Amino acid sequence: MENVEDGDMELYDLRVVVDRIEGRSVCGMEVGDCFTLENSAHLRLPDGRHFCVYALASVLPFLAAKQRDLAAGDWLAQDSLFACPDPEERLVMRVERTGRRRMNSADLT
């Protein structure tokens, strides 16, 4: 029997970073602004910083997949850049895997 303290699954912690802004920053974000996603669902911002809710909404659907191992042929395994929907801003975010942690699925459901 598996020791549940060791966990029964692994997930990546992620950092989402503003990689570049090709237009004008209408939301006040700057290159290098970021947030982290840790322990499956803990979203953290650096003290005193913000992250545009619309940029967050555009990358959010992909984060659960980026936390997991993906098949080699999966396009999401190769792509790490995502764009904010504001056409004037043209803000591009990069999703980075920062670490891998073993977790108990029973603790998450």
Side-chain angles (χ1 to χ4, degrees):
M1 182 150 121
E2 183 176 325
N3 182 353
V4 288
E5 290 181 356
D6 292 337
D8 61 353
M9 61 182 248
E10 291 186 353
L11 291 176
Y12 289 97
D13 289 340
L14 304 175
R15 178 182 301 118
V16 178
V17 181
V18 175
D19 187 72
R20 61 185 180 273
I21 300 172
E22 298 173 342
R24 61 186 181 95
S25 180
V26 294
C27 66
M29 289 182 33
E30 301 172 354
V31 171
D33 283 347
C34 66
F35 68 85
T36 59
L37 183 59
E38 304 165 345
N39 293 312
S40 174
H42 298 177
L43 191 141
R44 301 187 192 288
L45 290 163
D47 286 342
R49 301 302 303 167
H50 76 279
F51 207 90
C52 172
V53 68
Y54 301 107
L56 174 62
S58 67
V59 73
L60 196 58
F62 301 100
L63 297 182
K66 294 296 277 185
Q67 288 179 304
R68 290 159 172 75
D69 286 324
L70 299 167
D74 190 319
W75 68 270
L76 198 51
Q78 301 165 19
D79 290 346
S80 61
L81 298 177
F82 300 86
C84 174
D86 188 329
E88 291 294 317
E89 193 157 38
R90 295 187 307 281
L91 181 142
V92 178
M93 297 162 283
R94 182 179 65 254
V95 177
E96 305 168 341
R97 289 176 167 170
T98 59
R100 187 176 173 115
R101 68 178 71 228
R102 204 142 172 79
M103 302 184 76
N104 293 312
S105 58
D107 294 339
L108 303 174
T109 58

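Basis for what follows: all heavy atoms, side chains included, without hydrogens, waters or symmetry-related copies. Small disclaimer: the values here were computed from a predicted structure and weren't measured.
From R102, atom CZ reaches atom CD of E10 across 5.0 Å, with rounding to the nearest 0.5 Å. Distance check: L11 CG to S105 OG gives 10.0 Å after rounding to the nearest 0.5 Å. For the atom pair L45 CG and T36 OG1, the distance stands at 8.0 Å (nearest 0.5 Å).
Using a 4.5 Å cut-off on side-chain heavy atoms (C-beta onward), F35 and L14 make no contact. Counting heavy atoms from C-beta outward, E88 and R24 have side chains that approach closer than 4.5 Å. Counting heavy atoms from C-beta on, the side chains of E96 and V17 come closer than 4.5 Å. Counting heavy atoms from C-beta outward, E30 and S25 have side chains that stay 4.5 Å or more apart. With contacts defined as side-chain heavy-atom distances shorter than 4.5 Å, the pair D19/M93 does not qualify. Residues L91 and M29 meet the side-chain proximity criterion, which asks for heavy atoms closer than 4.5 Å. Between H42 and L37, the closest side-chain pair of non-hydrogen atoms is not below 4.5 Å.
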- Can you check salt bridge (charged side-chain N to carboxylate O under 4.0 Å, His left out) on D13 and R100, steps first, answer last? CA-CA 6 Å; D13 289 340; R100 187 176 173 115; over 6 Å; no
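Partner Y12 forms a side-chain contact (heavy atoms from CB on, under 4.5 Å) with one of D69, V95, T98 and no other, that one being D69.
R94 places no side-chain N or O within donor-acceptor distance of the main-chain N or O of F82, the cut-off being under 3.5 Å. Looking only at distances, no side-chain donor or acceptor of R49 sits under 3.5 Å from a matching main-chain atom of P46.
Using a 4.0 Å cut-off between a side-chain N of Lys or Arg and a carboxylate O of Asp or Glu, E38 and R44 qualify as a salt bridge.
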Donor-acceptor contacts under 3.5 Å from residues 54-67 side chains, at least two apart:
residue : atom : partner : partner atom : Å
S58     : OG   : A55     : O            : 2.7
S58     : OG   : A83     : O            : 3.3
K66     : NZ   : L76     : O            : 2.9
K66     : NZ   : D79     : O            : 2.9
Q67     : NE2  : S40     : O            : 3.0

